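Have a look at the structure below before the remarks.
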Number of protein chains: 2
Amino acid sequence: MKQMSKRAEIISCAARLFRKRGFSATSVRDIAREMGMEASSLYNHIKSKQELLSSLLLDIAHTFSEGMESIETASIPAYQKLERLVALHVRISVEKTDAVSLVPSEWIHLDTDSIKQFLALRDEYDKTFKAILSACIKEGSIKSVNVDLAAFSILSSLRWLYSWYSKNQNINIVELEEEMKSYLLKGLVQNT
Amino acid sequence: MKQMSKRAEIISCAARLFRKRGFSATSVRDIAREMGMEASSLYNHIKSKQELLSSLLLDIAHTFSEGMESIETASIPAYQKLERLVALHVRISVEKTDAVSLVPSEWIHLDTDSIKQFLALRDEYDKTFKAILSACIKEGSIKSVNVDLAAFSILSSLRWLYSWYSKNQNINIVELEEEMKSYLLKGLVQNT
DNA sequence: CATTTAAACTAACAATCGTTAGTTTTGTAC
DNA sequence: GTACAAAACTAACGATTGTTAGTTTAAATG
């Protein structure tokens with residue numbers, strides 16, 4: 001929290017409030033109060049309330065995309081890519097909890113331009129995820145499943161992980177990773 | 001949609017709009033326009049905008065709770081209860097898609113009283129879910145996992161299922177059930 | 001037809017919204 | 001100390017918010 005530009009402070013403050021009350025129910029005056037200044041003073045540092053949201057969501061989307069790209073291009077078996085993806089979500093969820101919390105629902109409040117950029121990044125991410133799943137099937141490391149639905153199911157769990165972490169910050173991160181890999185990939189039933 | 005009281009029509013109309021734009025970004029005038037009447041006319045049928053949300057969320061929460069109770073009290077192995085829970089989520093997600101979509105995020109906009117009721121139902125649901133998972137471990141049908149995290153992971157997937165269904169309404173419901181059971185319970189990896 | 005009730009309407013309210021304009025204060029460089 | 005820029009302030013704008021009051025229309029009952 002130290003050595004943070006005032007603009008960055010405002011953005012991270014907005015993230016916290018957007019998460020707590022939602023974008024639409026958070027007023028510029030709410031953010032200003034939390035920052036200890038008048039609402040109009042915020043505009044010396046930001047362009048608009050919309051910009052706060054798009055900055056947060058596009059930044060976190062790029063973070064995920066970059067992580068995905070470095071995994072995708074690695075020279076490792078596809079199944080190991082799946083494991084690294086779980087680790088990626090755990091790491092980002094822990095490091096940028098507030099911003100991650102906005103991903104599932106708050107993107108609908110982006111303006112037209114930002115929504116296009118955001119969904120483009122998200123679609124690309126999903127597409128690559130499915131490609132990795134398909135590669136796993138091809139290499140024989142996972143069952144021959146409905147790739148679309150399996151990807152959706154796994155990503156649903158991973159995208160909500162931030163909320164689990166918020167209530168259980170005492171958990172060991174490596175342990176969290178290992179257990180998520182176990183549930184999502186290996187399943188629950190006993191291997192007889 | 002036929003034989004629906006005007007009040008019920010308004011509530012289901014509100015559900016659609018709340019889902020599309022979020023509760024806070026949906027105005028009473030938006031709902032009125034969709035209903036083909038003036039905003040003030042709505043108040044002949046409803047008490048407040050808040051009531052629309054709490055009615056939707058408490059109703060869907062009760063639907064889940066009732067389903068859970070009938071599963072919990074059934075005289076069947078715990079593992080079969082898990083399978084029935086997946087089926088329950090699939091069925092409700094298909095039948096009440098709009099209302100289900102409000103469950104993950106929009107409950108934060110409930111008033112103090114409703115929020116207490118909603119979270120009480122939700123907590124009870126989670127608790128029973130975990131108890132069934134524990135019973136599965138005891139009967140030896142699943143691995144000895146971290147029950148809290150496993151329950152969280154599975155429920156995350158199930159709670160987002162409505163969104164998959166919305167984009168893939170052509171899918172066979174029984175098939176959807178079977179595949180979700182497969183991913184969530186049996187996992188992806190090949191059993192060697 | 002007359003009466004009553006339910007449900008629509010118009011008009012307006014106080015509050016709050018995001019944002020802008022114009023001014024004053026604060027901090028830095030010469 | 002003067003000059004300049006950054007960042008705070010006060011005040012206000014037009015628009016929109018949920019809701020209420022009072023009135024008119026429509027439908028149902030006798």
Side-chain angles (χ1 to χ4, degrees), chain A residues 1-58 102 105-115, chain B residues 1-58 102 105-115:
Chain A
M1 196 65 84
K2 66 172 115 172
Q3 208 102 348
M4 217 177 187
S5 79
K6 199 132 232 175
R7 181 185 154 84
E9 259 188 78
I10 293 170
I11 291 179
S12 102
C13 177
R16 205 167 55 247
L17 289 175
F18 291 166
R19 176 184 177 188
K20 193 173 168 187
R21 315 184 201 185
F23 172 77
S24 288
T26 303
S27 74
V28 173
R29 286 169 177 85
D30 288 335
I31 302 171
R33 188 181 315 114
E34 201 84 356
M35 288 293 299
M37 57 171 69
E38 293 298 319
S40 57
S41 304
L42 289 176
Y43 287 83
N44 287 317
H45 306 279
I46 65 166
K47 213 184 101 215
S48 64
K49 185 192 174 189
Q50 276 289 337
E51 188 212 18
L52 289 173
L53 184 66
S54 54
S55 156
L56 281 163
L57 278 174
L58 291 177
L102 307 176
S105 299
E106 298 298 312
W107 60 268
I108 58 168
H109 300 112
L110 289 169
D111 58 287
T112 319
D113 271 3
S114 304
I115 237 179
Chain B
M1 196 65 85
K2 66 172 116 175
Q3 208 101 347
M4 216 176 185
S5 78
K6 199 131 232 176
R7 182 185 153 85
E9 261 189 76
I10 294 170
I11 291 178
S12 104
C13 177
R16 206 168 54 249
L17 288 175
F18 290 167
R19 176 185 178 185
K20 193 173 169 186
R21 317 185 201 186
F23 172 77
S24 289
T26 303
S27 74
V28 173
R29 284 168 178 85
D30 288 337
I31 302 171
R33 188 181 313 115
E34 201 83 358
M35 288 293 299
M37 57 170 73
E38 293 298 319
S40 57
S41 304
L42 290 176
Y43 287 84
N44 286 319
H45 307 279
I46 66 166
K47 212 184 102 215
S48 65
K49 185 192 174 189
Q50 275 289 336
E51 188 212 16
L52 288 173
L53 185 66
S54 54
S55 156
L56 281 163
L57 279 174
L58 291 177
L102 307 176
S105 299
E106 298 298 313
W107 60 269
I108 58 168
H109 300 112
L110 289 169
D111 57 287
T112 319
D113 272 1
S114 304
I115 237 179

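In what follows, chains are A, B, ... by sequence order, proteins preceding strands, each numbered from 1. These numbers were taken from a predicted model, which means no experiment stands behind them.
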Checklist entry - Reading nucleotides 11-21 of chain C from the 5' end, what letters show protein touch, with B for base, S for backbone sugar-phosphate only, - for no heavy atom under 4.0 Å? => result BB----BBBB-
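B:L42 has its CG atom 14 Å from the C1' atom of D:dT20, to the nearest Å. Between A:N44 atom CG and D:dT10 atom P the separation is 14 Å, expressed in whole Å. B:E38 places its CD atom 14 Å from the C1' atom of D:dT19, with the value rounded to the nearest Å. Here C:dT5 presents its P atom at 18 Å from NE2 of B:H45, a figure rounded to the nearest Å. To the nearest angstrom, C1' of C:dA7 lies 15 Å from CZ of B:R7. In this entry the distance linking CE of A:M37 with C1' of C:dT24 reads 16 Å, nearest Å. Rounded to an integer number of Å, the gap from CE of B:M35 to P of C:dA8 is 8 Å. Taking atom NZ of B:K6 as the reference point, atom C1' of C:dC9 lies 13 Å away to the nearest angstrom.
Summarising the geometry of B:Q50 relative to B:D111, their closest heavy-atom pair is OE1-N, 3.2 Å, with the distance given to 0.1 Å. Contact between B:L110 and B:S54 at its shortest, heavy atoms only, is CD2-CA, 3.4 Å.
Counting heavy atoms from C-beta on, the side chains of A:Y43 and A:V28 come closer than 4.5 Å. With a 4.5 Å cut-off on side-chain heavy atoms, B:D30 and B:R21 count as touching.
Side-chain contact check for B:S41 and B:N44: no donor-acceptor pair (N or O, by modelled atom type) lies under 3.5 Å.
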